[in-house]
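Below is one structure, written out as structure tokens, with a few remarks after it.
Quick note on labels: first sequence line is chain A, next is B, and so on, each numbered from 1. Note that the coordinates shown come from a computational prediction; the quantities given were computed from them, not determined experimentally.
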Amino acid sequence: MINDSRIAAERLLTWYDHHRRDLPWRSRPGEEADPYRVWLSEIMLQQTTVPAAAPYFRNFTERWPTVRDLASAPLDDVLVAWAGLGYYARARNLYKCAQVVAGELGGRFPDTEAGLLELPGVGAYTAAAITSIAFGRKATVVDGNVERVIARVFAVEEPLPNVKPKLKALAATLTPDARPGDYAQAMMDLGATVCTPRKPKCMLCPWAEWCAARAAGIQEELPRKAAKADKPTRRGVAYWLLNPEGAVLLRRRAEEGLLGGMTEVPSTAWTPTAPDEAAVRAQAPLEAGWRRLPGTVRHTFSHFHLELEVVAAKAGDGWRRAEGLWVPVDRLGGQALPSVMMKVVRHALAHA
DNA sequence: CAGACGTGGCT
DNA sequence: TAGCCAAGTCT
């Protein structure tokens with residue numbers, strides 16, 4: 001058990017100094033942090049791995065070097081740039097947040113947790129991360145990594161998510177006054193590289209000698225988690241429609257909800273049982289000689305599986321009556337197509 | 001407050 | 001293969 005939090009923090013920071021990773025959003029030692037880059041990276045990293053976020057971060061910062069640049073961009077450009085990263089509400093909130101900061105806040109991010117918490121898309125974790133990393137002020141950062149480290153060090157056996165408040169309170173008892181940003185990143189790095197979910201590398205851990213879970217031999221079992229509900233399957237039919245000019249019919253999804261504001265290949269509703277012939281005809285964007293393409297597009301969202309059949313047709317003279325936007329096939333890359341829709345596109349291109 | 005909300009990589 | 005997992009937030 002850790003009985004001297006000051007010594008534990010120093011030990012962790014020393015470990016961090018020797019194992020600091022070079023990440024695109026991380027400032028060099030001694031270099032002043034840019035709150036915009038810290039904020040942008042933290043939003044992108046929510047529920048997202050470092051390798052997945054890194055290229056997006058590079059693209060965003062190259063295109064929009066400041067929060068004012070981002071706020072000045074059309075929302076659709078931001079959604080196109082975000083396409084493929086997932087959790088699209090983050091992109092919409094990112095844009096809203098940029099408007100607020102560039103507008104009423106005069107281009108400066110709040111430098112307190114309470115102030116940051118007011119911003120769209122910024123919750124407890126992100127507020128603490130920006131406070132400590134961007135502004136060098138003390139804050140207790142608790143993400144999934146930190147929860148795991150704390151659950152193990154203190155051998156907390158109650159399951160997540162109910163035990164979150166307790167883990168945060170325990171984490172706060174360890175947070176030092178010195179080097180807030182480095183400490184926050186050290187805790188997360190420790191969880192990401194040493195105190196990993198499976199096969200933790202306890203031999204490399206700066207806190208191994210104080211770890212209660214390790215002492216009890218239960219480090220791989222912690223943190224315990226409540227069982228998750230299994231995912232239902234929904235089914236639908238997507239419509240691949242080409243006009244005489246070789247353009248594809250796409251639509252913009254509703255601003256709220258799943259894939260909100262993103263572009264899609266038109267489809268029937270996604271329901272537990274596949275739509276029958278009549279339903280497919282009724283929901284088609286146009287009367288046409290629809291023919292079924294072989295195969296199935298499968299995709300898994302956070303809370304359900306999706307199976308899409310694809311039907312294809314060439315639109316006749318009345319093609320202008322279809323609702324949506326016609327996009328030439330070679331310009332689909334400029335659309336805000338989420339991954340599931342990219343799968344549909346690839347499937348149609350391969351089989352149509 | 002439990003459920004909605006993406007994706008890709010790893011085991 | 002099927003499930004688990006990643007620097008969470010919003011409603």
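Evaluation of atom-type donor-acceptor distances gives a pair under 3.5 Å for the side chain of T48(A) against the base of dG6(B). Side-chain atoms of Y87(A) and base atoms of dG6(B) include a donor and an acceptor less than 3.5 Å apart.
Judged by distance alone, the side chain of K231(A) and the main-chain N or O of F301(A) form a donor-acceptor pair under 3.5 Å. Between the side chain of R90(A) and the backbone N or O of G86(A), at least one donor-acceptor pair lies under 3.5 Å. When atom types are taken as modelled, the side chain of R234(A) and the backbone of A269(A) share no donor-acceptor pair closer than 3.5 angstrom.
Here the side chain of S302(A) is nearest to one of dA6(C), dG6(B), dG8(B), namely dG6(B). When each of dG6(B), dT9(C), dC5(C) is scored by its nearest atom to the side-chain atoms of T126(A), the top-ranked nucleotide is dT9(C). In the set dT7(B), dG6(B), dG8(C), dG6(B) carries the atom at the smallest distance from any side-chain atom of L258(A). Distances from the side chain of P338(A) to the nucleotides dG8(C), dT7(B), dT11(B) place dT7(B) closest. With dA4(B), dA6(C), dT11(B) as the choices, the nucleotide that has an atom nearest any side-chain atom of H303(A) turns out to be dA4(B).
Between Q185(A) atom CD and dA6(C) atom P there is a gap of 19 Å when expressed in whole angstrom units.
Of all heavy-atom pairs spanning V141(A) and S132(A), the tightest one is CG2-OG, 3.7 Å.
Residue contacts for V122(A): at a heavy-atom cut-off of 4.0 Å it reaches the sugar-phosphate backbone alone, with no base atom in range. Counting any heavy atom pair closer than 4.0 Å across all strands shown, L259(A) reaches sugar-phosphate atoms only and no base atom.
Rounded to the nearest Å, the gap between the P atom of dC5(B) and that of dG9(B) is 24 Å.
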